[in-house]
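Here's the structure we're looking at; comments come further down.
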Amino acid sequence: MRILCVAEKNSIAKSVASILGGGHFRRRDTKSKYIKNYDFDYDFGGQLGDCNVTMTAVSGHLTEASFPPEYSSWSSVPQEVLFDAQIRISVSKNSAPLADNIRREASNADYLYIWTDCDREGEYIGTEISNVARSGNSRIRVLRADFNNLERTHIIRAARNPRNLNQWAADAVAARIELDFRLGAIFTRIQTLQLQKAFEILKKRVISYGPCQFPTLGFVVDRWQRVEDFLPEQFWSIKLQDRRQAKTVTFNWKRNRVFDHLAALVYLERCLEAKVAKVTNVVQKPKTKYKPLPLTTVELTKLGPKFLRISAKKTLEIAEHLYTNGFVSYPRTETDQFDPGMDLQTLISKQTSDPSWGTFASDLLSGNFRNPRSGSHNDKAHPPIHPIAHVTQNALPSQDHWKVYQFITRRFLACCSDHARGAETIVEVTMGDEQFSQSGLTVLEHNYLDVYIYEKWNSSAQLPVYEMNDEFVPRQVNIIEGATTSPTYLTEPELISLMDANGIGTDATMAEHIEKVQEREYVLKRKRKGKGSGAGVSEFVPTSLGVALVKGYDEIGLEWSLTKPFLRREMEVQLKNIEKGQSSKNVLVEVTLTQFRDVFHLTKTRFECLLRRCKEYLEGQ
DNA sequence: GCAAGGTC
């Protein structure tokens, strides 16, 4: 038998070939400098048996959508025609050499064995590969490998247990491709042409619409608007201070603060009339600081900027590199629960040699191990991100690579250890009718915090001893004054959280959409001004054009506004339904296009809303 | 000159 294996990228082809070939493979060049063909023999067992294998790869998607040439003119083709225009799916220019390679290699193969990543897009890429292979050999039979990391035993198990391509997942992707392409073209063309015509300053600009770009912009404008609208409000609070055992204790008012000065004065008056404060409750209770959940891509892209000061996009790129070199598991995962059958002990044992966290890992193996927490997400394709092999700093190309590897490893070890534990004392006092409280914390066991150095949990100052019903004359009872502070502009982790919560983009593309709205000059990134903890943090503000687009579309029809996340979120839900076999591709495409025909009609008839807003923000003020 | 999703 001759088997053609095709992976989603060269690095996987190379890794799998070296595992299955036992290090004995022959490498042939192809017309693409990124892709090689690896030849070796392998006994797959079962129906396949001993085979001549060629392992090769694509580079992600092979095909792209396009309209036939008669639709390519922006000015002479009415946009609404694109709702019904035929869409061609053809091999993209960049992928042509890869398609040729697959066609040629398939011509004398009995089986095509697909090794694309096991996720929705991977199933679709599998069907792209399969179509190309069949155009070179109509009798070729297709199998699909089920794997989610590059561990030797896992790959061998996958090789011996092929399954079929998942047609439902591939259909969901086909629906997304068609909808994104049509809607992107239709709305980009109408708004670009109309706005270019009306504003000199936009003459050379493409005002693109994308179902992910616009909601991303919407989040930035939304926060900006709240900052704009903010008016500080004065508030008053009562501070109660005691002096005992050479310690000063400040108690916090249960009402926290009031926005009426007179009311605050009345409350203070009552306290003062009472003259003494009385201890009404002393509680001592254990306090737990929970260890983190298993690591997902979204968490990684949020914590990269936060803990490591590496941008979301860079963090992901580095994680991808660590993955393709076999140091960490697949970095694009939504799963925050480890499979119960997973051998965590072996993964931990690979870390015991590390000078920094080796001892911690050893201690986990000799009794400190605790089962990881389970989050609520499972994509059924990839486990949470975790280290596969130990690596030293010298073996990595940069300091940032080391930071990311270290973070992934420390996070994993933290997941496998115990929560941090402490004891909390809460003292409640009453003066007149007003209640106050203060608490003290003693950290007893750091546990996971010993390895997860990114979080801090410190004991507070020890409270002096208070007994129930103690009475004391406070050293000080007075009113303090303050004002509410403005919300701040969106940071990258905040924006990613919003996109994630609303299903805008995938874990792997959120960082790219954030770049796109900056490239289109809808949004600017800048350093936060001022003093304090947030100073120097990167934050996003909309440009005049960004604000004008959002306000214009909101005015056209708030319920359906393209800048709101609802439409995309709904589409994501529908795609999941197709994956589950509960809906079909054609139904989703038809229903969605019908919705968007209405949105398009509204946009066209009320375009003056956009023009007016652009006039206001681009020329006015 | 248009999207979003893969990947280099």
Side-chain angles (χ1 to χ4, degrees), chain A residues 6-14 30 32-36 57-67 71-75 77 79 81-82 85 87 89 91-92 94-95 97-98 116-129 169-170 172-196 202-217 297 313 316-317 319-321 323-324 330-332 381 499 503-517 519-520 562 567-568 571-572 575 592 596:
Chain A
V6 185
E8 192 163 316
K9 49 205 160 223
N10 180 61
S11 57
I12 298 285
K14 189 178 168 188
T30 71
S32 160
K33 64 175 170 176
Y34 302 113
I35 303 297
K36 310 287 174 199
V58 291
S59 273
H61 285 275
L62 269 178
T63 62
E64 64 186 3
S66 63
F67 292 119
Y71 299 100
S72 58
S73 163
W74 287 33
S75 52
V77 178
Q79 292 92 26
V81 168
L82 301 180
I87 286 183
I89 301 289
V91 171
S92 65
N94 287 344
S95 298
L98 310 185
T116 50
D117 297 346
C118 286
D119 52 24
R120 196 203 274 171
E121 298 291 333
E123 298 303 321
Y124 182 85
I125 294 169
T127 63
E128 292 180 297
I129 295 168
V173 172
R176 175 193 62 71
I177 289 172
E178 174 169 350
L179 290 169
D180 287 347
F181 181 64
R182 280 194 201 282
L183 300 173
I186 290 166
F187 285 92
T188 298
R189 288 187 188 187
I190 187 176
Q191 70 189 18
T192 300
L193 292 178
Q194 301 259 27
L195 291 173
Q196 280 184 348
L202 300 177
K203 273 282 181 295
K204 297 214 155 51
R205 300 262 290 270
V206 173
I207 321 291
S208 65
Y209 162 77
C212 290
Q213 292 174 32
F214 261 44
T216 303
L217 166 62
T297 306
K313 192 154 183 280
L316 241 194
E317 282 169 8
E320 170 82 9
H321 178 270
Y323 160 66
T324 54
Y330 191 65
R332 291 188 282 257
M499 294 172 76
I504 306 303
T506 68
D507 42 13
T509 59
M510 288 173 195
E512 286 171 34
H513 298 310
I514 294 172
E515 296 239 321
K516 183 61 103 180
V517 292
E519 181 192 321
R520 295 293 186 214
L562 296 181
L567 290 166
R568 185 66 180 192
M571 185 174 134
E572 263 311 310
L575 292 180
T592 307
F596 272 87

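Residue numbering restarts at 1 for every chain, and letters A, B, ... go by the order of the sequence lines. Not measured: the values here are computed from a predicted model.
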Rounded to whole angstrom units, what separation is found between the [atom1] atom of [X] and the [atom2] atom of [N]?
X	N	atom1	atom2	value
A:Lys516	B:dG6	NZ	C1'	15 Å
A:Phe67	B:dC2	CZ	P	14 Å
A:Glu128	B:dA4	CD	C1'	13 Å
A:Leu82	B:dA3	CG	P	14 Å
A:Asp119	B:dG6	CG	P	7 Å
A:Ile89	B:dA4	CD1	C1'	13 Å
A:Ile190	B:dG1	CD1	P	21 Å
A:Lys9	B:dG6	NZ	C1'	8 Å

Fit a plane to each ring of A:Tyr323 and A:Tyr330, take the angle between them on a 0 to 90° scale, and name the class: parallel (under 30°), tilted (30 to 60°) or perpendicular (over 60°). perpendicular
Can you say whether the rings of A:Phe596 and A:Phe187 are parallel (under 30°), tilted (30 to 60°) or perpendicular (over 60°)? perpendicular
Applying salt bridge (charged side-chain N to carboxylate O under 4.0 Å, His left out), can you list everything that pairs with A:Arg189, at least two apart in sequence or on another chain? none
If you pin A:Ser95 and A:Ala185 to their nearest nucleotides in DNA chain B, which one's is more 5'? A:Ala185
By nearest nucleotide on DNA chain B, pick out whichever of A:Ser11 and A:Gln213 is the more 5' one. A:Gln213
Which nucleotide sits closest to the side chain of [X]: [options]?
X	options	result
A:Ser208	B:dC2, B:dG5, B:dG1	B:dC2
A:Arg520	B:dC8, B:dG6, B:dC2	B:dC2
A:Thr506	B:dA3, B:dG1, B:dG6	B:dG6
A:Arg176	B:dG6, B:dC8, B:dA4	B:dA4
A:Glu121	B:dA3, B:dG6, B:dC8	B:dG6
A:Ser59	B:dA3, B:dG1, B:dC8	B:dC8
A:Pro211	B:dA4, B:dC2, B:dG6	B:dA4

Looking for any heavy atom pair under 4.0 Å, which part of the strands does [X] touch: base, sugar-phosphate only, or nothing?
X	answer
A:Tyr124	nothing
A:Gly184	sugar-phosphate
A:Tyr330	sugar-phosphate
A:Arg205	nothing
A:Gln196	base
A:Thr188	sugar-phosphate
A:Asn94	nothing
A:Gly505	sugar-phosphate

Any stacking of A:Trp74 on B:dG1, going by centres under 5.5 angstrom and planes within less than 30 degrees? yes
A:Lys516: what forms a side-chain hydrogen bond (donor to acceptor under 3.5 Å, both in side chains) with it, not counting sequence neighbours? none
What distance do A:Ile207 atom CD1 and A:Gln191 atom CD have between them, rounded to the nearest 0.5 Å? 7.0 Å
CG (A:Leu62) and OH (A:Tyr124) are apart, to the nearest 0.5 Å, by 10.0 Å
In terms of heavy-atom contacts, does NZ of A:Lys204 have more than 12 from other residues, nucleotides or ligands at under 6.0 Å? no
When you check the phosphate oxygens OP1 and OP2 of B:dA3, does a side-chain N or O of A:His513 lie under 4.0 Å from one of them? no
